[in-house]
Amino acid sequence: MSHVRVRFAPSPTGFFHIGSARTALFNWLYARHTKGIFILRIEDTDKERNTEDAKQILFQGMKWLGLYWDEGPEVGGDYGPYYQSERTDIYRCYLEQLQKIDRTYEKDGAIYFKVTGEPQIIEDAVRGRVERTEDKDFVIFRSNGLPVFHFVNVVDDITMGITHVIRGEDHLSNTSKHTELMKAFKVELPQYAHIPLLLKQQGPGKMSKRDRGSLIEEYEQRHFLADAVRNYLCLLGWSPKDDREILPIEEIIQLFDLKGINKNNAKFDEKKLAFINTDYLRNLSLEKFHMLCQPILNESKIIPEDVNEIFVHDVLKICREKIRSIEELPKYCTYFFSEKYSINEKAKQKIFKKGDPLARLNEILSSLETLNSFSEETLEKTVASLAMTHNVSSGEYIHPTRIAVSGNQYWTWLLCNASSIRKRKCFVPY
RNA sequence: CUCCCGUUCGUCUAGCUCGGUCCAGGACACAGGGUUUUCAUCCCUGCAACAGGGGUUCAAAUCCCCUACGGGAGGCCA
């Protein structure tokens with residue numbers, strides 16, 4: 001049985017940043033890899049922005065990504081409470097310990113911690129040996145009586161038995177403060193692992209909440225597949241080292257290790273995410289795909305009330321092969337359910353450039369009207385024989401028809417489409 | 001300004017621990033071609049990198065140093 005205990009300790013800000021999500025993910029992966037415990041701790045000492053909504057956004061994002069925690073809010077645990085706002089007694093107690101050994105002093109109403117000023121050596125699992133000296137005393141309790149981040153973070157890690165601190169590299173410089181405190185409390189240092197940061201795709205600096213695509217909730221709203229987003233996030237700073245990129249989470253868990261994490265920062269690439277998302281989409285079972293499409297179909301209100309469920313299923317079967325993300329489903333499938341689709345002018349003009357598309361459409365329409373079966377086979381035969389008798393290529397029928405029934409020259413495979421829509425008055429737009 | 005971390009194709013990365021098998025491999029993106037009666041898929045080809053300079057060595061992407069550049073920290077924010 002592993003004794004590994006890791007934590008993700010966000011402060012609820014009202015959004016779930018993709019960089020935070022990646023930190024959570026790496027902690028979760030390591031916990032699962034070692035069969036250890038993954039703890040969620042809420043750093044809500046800064047009351048201002050700590051609202052119920054903010055917490056829910058965080059929990060929702062975690063759950064969406066499948067990062068379920070073993071201890072923390074909603075699930076409890078033996079090391080609680082898991083909200084810092086409820087741990088003030090513990091902080092007081094630890095403050096007294098420092099006061100007893102004369103490692104504090106008061107100035108301007110705030111309590112300062114006296115540093116030793118000795119070089120702090122951190123054996124970081126990702127970066128190796130890092131040495132830094134903390135030469136200034138720092139505040140651990142504000143004049144308003146509330147403890148500050150560095151203090152609570154360390155006390156919580158101690159009292160929650162955290163064995164591995166996996167966090168962003170932005171904390172590396174501050175680690176010397178933490179080790180100073182840890183040593184003052186005479187506890188063993190945890191294993192630190194500072195993971196690289198996520199940089200914005202354009203321009204300098206790390207990704208911030210204002211950057212497009214920086215929030216997890218955005219991907220959820222845009223109907224990305226959570227598994228795909230999670231897979232992509234794993235690849236930012238980590239790789240299985242064998243040229244594979246898309247792999248099941250169970251395998252990632254098995255392969256994941258702190259030593260395999262890169263040192264350098266990574267830029268977030270939306271296109272790669274999109275590619276991975278498409279791959280996951282194509283590998284979905286039709287049932288799962290249908291289920292995931294349901295919300296966006298409902299939102300977009302393109303499906304009539306009295307629709308035949310089997311028909312919807314058939315339509316989705318076609319769509320799954322064509323679309324690149326669930327987000328573009330409504331745009332693609334509207335014409336299956338409604339005749340109010342618009343005709344792509346460019347596509348139409350292209351068709352009218354050669355031959356006589358209107359004549360072809362009339363011919364195909366007359367032929368179709370005599371059919372009582374719209375199976376793929378009969379449709380194909382119909383088109384083929386028309387082409388034969390008029391001595392033109394079948395494309396001359398297919399292209400105008402597709403535009404007539406869908407409004408677009410792309411995507412749909414005509415025969416499939418036509419059999420689905422049956423004998424609708426699909427040539428009217430001309 | 002001080003301190004810390006980093007630097008392989010445009011991007012994510014493999015290779016660096018144990019120097020030769022790397023005139024550097026994969027993927028995304030991009031460009032071209034093929035399959036598909038269209039589209040999507042799929043397949044093929046191309047493009048493109050060891051930041052620069054010094055060492056060490058028979059031999060360096062791999063080890064050492066310097067410079068440049070990028071990132072982070074330096075709050076009574078987290």
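All values derive from a computational prediction rather than experimental measurement. Chain A is the first sequence line, chain B the second, and so forth, proteins listed ahead of strands; every chain is numbered from 1.
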**Report entry** Closest to the A/Arg142 side chain, choosing from B/C28, B/U13, B/A78
**Finding:** B/A78
Query raised in the report: How would you label the contact of A/Ala110 with the nucleic acid (heavy atoms, under 4.0 Å): base, sugar-phosphate, or nothing?
Result: base
Report task. Once you apply the 3.5 Å cut-off to both distances, tell me the Watson-Crick or G-U wobble partner of B/C16, or none. Result -> none
Report task. For A/Ser143, report the nucleic acid contact type (base, sugar-phosphate, nothing); a contact means any heavy atom under 4.0 Å. Result -> base
Report task. For A/Lys200, report the nucleic acid contact type (base, sugar-phosphate, nothing); a contact means any heavy atom under 4.0 Å. Result -> nothing
Query raised in the report: Between A/Phe149 and A/Glu245, which is nearer to the 5' end of RNA chain B once each is assigned its nearest nucleotide?
Result: A/Glu245
Query - Test side chain to side chain donor-acceptor pair (under 3.5 Å) applied to A/Glu169 and A/Lys263, A/Lys206, A/His194, A/Arg127, the passing residue - result: A/Arg127
Query raised in the report: When all nucleic acid strands are considered with a 4.0 Å heavy-atom cut-off, which category describes A/Glu131: base, sugar-phosphate, or nothing?
Result: sugar-phosphate
Query raised in the report: Between A/Asn262 and B/U13, is there a side-chain N or O to OP1/OP2 distance below 4.0 Å?
Result: yes
Query - Check: A/Gly117 main-chain N/O paired with A/Asp135 side-chain donor or acceptor under 3.5 Å - result: no
Query raised in the report: Going by the angle between their ring planes, with limits at 30° and 60°, are A/Tyr105 and A/Tyr112 parallel, tilted or perpendicular?
Result: parallel
Query raised in the report: With rounding to whole Å, what would you report as the distance between B/G71 and B/U21 at their C1' atoms?
Result: 35 Å
Requested in this report: Could you encode protein contacts along nucleotides 61-75 of chain B as a string, one character per nucleotide from 5' to 3', using B for base contact, S for sugar-phosphate-only contact and - for no contact, with a heavy-atom cut-off of under 4.0 Å?
Outcome: ----------SBSSS
Query - Residue among A/Glu131, A/Gln120, A/Glu134 satisfying side chain to side chain donor-acceptor pair (under 3.5 Å) with A/Ser176 - result: A/Glu134
Query raised in the report: Can you tell me how far P in B/C66 sits from the matching atom in B/A29, rounded to whole Å?
Result: 41 Å
Query - Nearest-angstrom distance, C1' atom, B/A14 to B/A24 - result: 10 Å
Report task. Determine the contact category for A/Gly237: base if any of its heavy atoms lies under 4.0 Å from a base atom, sugar-phosphate if only primed atoms, P, OP1 or OP2 are that close, otherwise nothing. Result -> sugar-phosphate
Report summary line: Pairing partner of B/C63, by Watson-Crick or G-U wobble and under 3.5 Å for both distances, is B/G55
**Report entry** Pairwise C1' distance for B/G25 and B/G15, with rounding to whole Å
**Finding:** 8 Å
Query - Candidate nucleotides B/A78, B/U41, B/G26, ranked by approach to the side chain of A/Asp243 - the nearest - result: B/G26
Query raised in the report: So which nucleotide from B/A78, B/C5, B/U13 ends up closest to the side chain of A/Ser11?
Result: B/A78
Requested in this report: Taking the six-membered ring for Trp and the full ring for Phe, Tyr or His, determine whether the centres of A/Phe38 and A/Phe8 are under 6.0 Å apart.
Outcome: no
Requested in this report: Write down the distance separating the P atoms in B/U11 and B/A51, rounded off to the nearest Å.
Outcome: 12 Å
**Report entry** OP1 or OP2 of B/A14 under 4.0 Å from side-chain N/O of A/Lys241
**Finding:** yes
Query raised in the report: With distance as the sole test, does A/Glu217 use its side chain to make a donor-acceptor pair with the main-chain N or O of A/Phe16 at under 3.5 Å?
Result: yes
Requested in this report: Please determine, for B/U7, whether a Watson-Crick or G-U wobble partner exists with both distances under 3.5 Å, and give it or none.
Outcome: B/A68
Requested in this report: Measure the shortest side-chain to side-chain distance between A/Cys234 and A/Leu25 over non-hydrogen atoms and say whether it is less than 4.5 angstrom.
Outcome: yes
Requested in this report: Identify whether any heavy atom of A/Arg244 sits under 4.0 Å from a base atom; if not, whether one sits that close to sugar-phosphate; answer base, sugar-phosphate or nothing.
Outcome: nothing
Report summary line: Paired to B/C1 by Watson-Crick or G-U wobble criteria (both distances under 3.5 Å) is B/G74
Query - Watson-Crick or G-U counterpart of B/U37, or none if no pair lies under 3.5 Å - result: none
Query - Given B/C12, B/G6, B/A78, the nucleotide with the shortest approach to the side chain of A/Val148 - result: B/A78
**Report entry** Separation between the P atoms of B/C28 and B/C42, rounded to whole Å
**Finding:** 9 Å
Query raised in the report: Hey, is the main chain of A/Val126 close enough, under 3.5 Å, to the side chain of A/Asp124 for a donor-acceptor pair?
Result: yes
Report task. Record whether the side chain of A/Lys272 comes under 3.5 Å of the base of B/A29 through a donor-acceptor pair of N or O atoms. Result -> no
Query raised in the report: Looking only at atom C1', what distance separates B/U62 and B/C16, rounded to whole Å?
Result: 4 Å
Query raised in the report: Where does the angle between the aromatic ring planes of A/Phe256 and A/Trp238 fall among parallel (under 30°), tilted (30 to 60°) and perpendicular (over 60°)?
Result: tilted
Query raised in the report: Closest nucleotide of RNA chain B for A/Leu236 versus for A/Arg282: which of these residues is on the 5' side?
Result: A/Leu236
Requested in this report: Answer yes or no: side-chain N or O of A/Lys322 and base N or O of B/C39 forming a donor-acceptor pair under 3.5 Å.
Outcome: yes
Report summary line: Side-chain contact check for A/Phe275: nearest option of B/C12, B/G6, B/C28 is B/C28
**Report entry** Nearest-Å distance once atom P is located in both B/A68 and B/A61
**Finding:** 24 Å
